[in-house]
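Contents: one structure, followed by commentary.
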Amino acid sequence: MTDRAEDIAERKMRFLYALRSKGVTDGRVLTAMERVDRGAFVRGLFAERAYEDTPLPIACGQTISQPSIVGLMTQALAIAPRDRVLEVGTGSGYQAAVLAGLARRVYTIDRHRRLVREAEETFRTLGLSNITAFTGDGSHGLPDQAPFDRILVTAAAEDPPGPLLAQLKVDGIMVVPVGQTDAVQTLVKVVRTEAGFEYEELRSVRFVPLVEGLAAD
Ligand code: SAH
């Protein structure tokens, strides 16, 4: 192997090792994450740190989540190949790309037009054709595309948003960080049953807040 090929192979092994050691053990999730080059979603100064298990700054004062957290949230969703998934909080588009490797179709929405535009460019470059991105306030969900088999919120809400619960199918799963801004939040898994909603607390996390309304950029 050339030095460069060896570097890439070693980087990939370390990346997958970090995921496994933090509890991402589902083979399908690991394969989906192995196939998505996180480096394509981080621009500028921080690009060289794309393969570290750490959150990084992106445009509009937002962050691309830590890969192991992306893995744990994806794993908690238990996505089936025919599922239609809604992600609230496109950010860099990395999480949507991972979901797209597991689901039939992914709808993703962000309140920053610029982030949606850049994520769409990256999806095109990587040839990901089963993601539809929208600019808007995702706390209202996407009524025109509802109901969803799975919903993932990647910004912290004070409570699981009502409109999102309403857009979840029976037997559907939603994963959402719940808690106040600038405090430790709890990742919550919500399962919709015939009778109502069941809630399970998964772990502590720290996300940027879910903010109402469209952003200026
Ligand atoms: N999933 C992203 C990281 C998300 S960071 C990734 O893989 O890179 C959280 C994102 O949620 C930010 O981009 C922020 O703009 C967005 N956000 C916050 N409130 C929102 C809302 N009400 N509707 C849609 N997006 C929102």
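Every number for a ligand or one of its atoms is a count from 1 in the order of the listing.
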* R84 bridged to D149 by N-O distance under 4.0 Å -> no
* Please identify which atoms of ligand 1 are closer than 4.0 Å to at least one heavy atom of L115. => 13 (O)
* **Residue V208 vicinity, atoms of ligand 1 by number, heavy atom under 4.0 Å** => 5 (S), 9 (C)
* Which of the listed options, G213, S92, G91, holds the heavy atom that is closest to atom 8 (O) of ligand 1? -> S92
* Asked: Looking at T154, which atoms of ligand 1 are within less than 4.0 Å of one of its heavy atoms?
  -> 1 (N), 4 (C), 5 (S), 9 (C)
* To do: Consider every N or O of D110 and every N or O of ligand 1, then say whether any pair is closer than 3.5 Å.
  => yes
* Asked: Should you measure from each heavy atom of G136, which atoms of ligand 1 turn up under 4.0 Å away?
  -> 23 (N), 24 (C)
* Asked: Is E120 paired with R117 through a side-chain N to carboxylate O contact shorter than 4.0 Å?
  -> no
* **Test of proximity, D137 against ligand 1: N or O pairs below 3.5 Å** => yes
* Heavy-atom contact under 4.0 Å between V98 and ligand 1? -> no
* Asked: So which of R114, R111, H112 actually passes side chain to side chain donor-acceptor pair (under 3.5 Å) with D217?
  -> H112
* Take atom CZ in R35; do more than 12 heavy atoms of anything else shown fall under 6.0 Å from it? -> no
* Asked: Against heavy atoms of H112, which atoms of ligand 1 measure under 4.0 Å?
  -> 15 (O)
* To do: Would you check the N or O atoms of G89, main chain and side chain alike, for any that come under 3.5 Å of an N or O of ligand 1?
  => yes
* **Atom indices of ligand 1, in the order listed, that fall short of 4.0 Å to a heavy atom of Q95** => 1 (N), 7 (O)
* To do: Would you mind listing which atoms of ligand 1 come within a distance below 4.0 Å of any non-hydrogen atom of T63?
  => 3 (C), 4 (C), 5 (S)
* With a 4.0 Å cut-off on heavy atoms, is C60 touching ligand 1? -> no
* Asked: Going by heavy atoms in the side chains, are L56 and T63 under 4.5 Å from each other?
  -> no
* Proximal ligand 1 atoms for P209, defined as those under 4.0 Å from one of its heavy atoms -> 18 (C), 19 (N)
* Kindly indicate whether the side chain of L165, heavy atoms from C-beta on, has any atom under 4.5 Å from the side chain of R192. => no
* **Close N or O approach (V211, ligand 1; < 3.5 Å)** => yes
* Transitively linked via ILVMFWY side-chain contacts under 4.5 Å: Y107 with L210? -> yes
* Asked: Going by distance only, is there an N or O of G138 that falls short of 3.5 Å from an N or O of ligand 1?
  -> yes
* Asked: Is the shortest heavy-atom distance from the side chain of M174 to the side chain of L164 under 4.5 Å?
  -> yes
* To do: Only heavy atoms count here, so choose which of V70, T90, I64, I58 is nearest to atom 2 (C) of ligand 1.
  => T90
* Asked: Would you say the side chains of T132 and Q145 form a donor-acceptor pair under 3.5 Å?
  -> no
* With D53 as reference, evaluate R14, R20, K22, R38 under the salt bridge (charged side-chain N to carboxylate O under 4.0 Å, His left out) test and give the passing residue. => K22
